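Remember, it's a predicted structure, so these values are computed and weren't measured experimentally.
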Amino acid sequence: MAHFELDELDRKILTRIVNDARKPFLEVARECNVSGAAIHQRIQKLAAAGVIKGSEFVLDSEKIGYETCAYIGIFLKNPEQFANVCEALLKLPEIVECHCTTGKYDLFIKIYAKNNQHLLSLIHDKLQPLGLSRTETIISFKETFKRNLPICDL
């Protein structure tokens, strides 16, 4: 997959919006010493190239009642069911990430549950019936940090 070549203005823009997608274009323009229209065009270009994948509001899982975060390594009974299992996992709203990985797991997911009992129920009642041979679960006690890639090094 080819990568997109960022110029200095692209880097300046991304550095300013990556942690605050709601920052007004005019404020970004002032900080970059260009027009608001130039910022708007650049952001559209970056989005069209797939460099920017959108903007989002980030929910605090605990504040909305999901106190348990876990990572689950999934072993499939039949690797030919990969596409069907991925499609079924997508239908479970508690699963927020799903990765096809190297190593011992066929899939690796991130899941939120209301508590440990809810997590157990999700594993037994929702995941196991999908044709899994087994799972390995790692419960996260606390996210210490999460960040985007640094723009300056790209």
For residues [X] and [Y], determine if any side-chain heavy atom of one lies less than 4.5 Å from a side-chain heavy atom of the other.
{"X": "Val51", "Y": "Leu14", "value": "yes"}
{"X": "Cys100", "Y": "Phe108", "value": "no"}
{"X": "Cys98", "Y": "Leu107", "value": "yes"}
{"X": "Lys110", "Y": "Ile72", "value": "no"}
{"X": "Tyr105", "Y": "Ile74", "value": "no"}
{"X": "Ile17", "Y": "Ile52", "value": "yes"}
{"X": "Leu132", "Y": "Val85", "value": "yes"}
{"X": "Phe4", "Y": "Leu46", "value": "yes"}

Provide the closest heavy-atom pair for [X] versus [Y] in the form atom of the first, atom of the second, distance.
{"X": "Ala70", "Y": "Leu119", "value": "CB-CD2, 3.9 Å"}
{"X": "Leu130", "Y": "Ala88", "value": "CD2-CB, 3.5 Å"}
{"X": "Tyr112", "Y": "Ser61", "value": "CE2-OG, 3.4 Å"}
{"X": "Lys12", "Y": "Cys32", "value": "CB-SG, 3.7 Å"}
{"X": "Lys23", "Y": "Arg16", "value": "CD-O, 3.5 Å"}

Test side-chain contact (heavy atoms from CB on, under 4.5 Å) applied to Glu97 and Ile111, step by step: CA-CA 7 Å; Glu97 291 182 30; Ile111 188 169; over 6 Å; no
Any chain of hydrophobic side-chain contacts (each under 4.5 Å) joining [X] to [Y]?
{"X": "Ile123", "Y": "Tyr71", "answer": "no"}
{"X": "Ile138", "Y": "Ile95", "answer": "no"}
{"X": "Ile43", "Y": "Val34", "answer": "yes"}

Leu127 and Leu89: CA distance, side-chain angles, deciding distance, side-chain contact (heavy atoms from CB on, under 4.5 Å) verdict: CA-CA 8 Å; Leu127 296 180; Leu89 293 173; 3.5 Å; yes
Any side-chain to backbone donor/acceptor pair from [X] onto [Y]? Under 3.5 Å, distance only.
{"X": "Ser121", "Y": "Gln117", "result": "no"}
{"X": "Asp106", "Y": "Phe75", "result": "no"}
{"X": "Arg42", "Y": "Leu9", "result": "no"}
{"X": "Asp125", "Y": "Leu122", "result": "no"}

Carboxylate-amine/guanidinium contact Arg22 Glu56, below 4.0 Å: no
Ionic contact status for Lys126 with Glu94, cut-off 4.0 Å: no
Greater than 12 external heavy atoms within 6.0 Å of Lys114's NZ: no
Flag if over 12 foreign heavy atoms under 6.0 Å of CD, Glu80: no
Tyr66 side, atom OH; Asp60 side, atom CG - distance, nearest 0.5 Å: 13.5 Å
Gap between atom CG of Leu6 and atom CD1 of Ile151 - 0.5 Å precision: 7.0 Å
Full working for side-chain contact (heavy atoms from CB on, under 4.5 Å) between Val18 and Arg147: CA-CA 9 Å; Val18 72; Arg147 62 180 171 207; over 6 Å; no
Chi angles and distances behind the ring pair (Phe, Tyr, Trp, His ring centres under 6.0 Å) call for Phe25, His40: CA-CA 7 Å; Phe25 285 178; His40 183 67; 5.6 Å; yes
Exercise: do Thr68 and Asn116 side chains pair donor with acceptor under 3.5 Å: yes
Any side-chain donor near an acceptor of the partner, Gln81 and Asn84, under 3.5 Å: yes
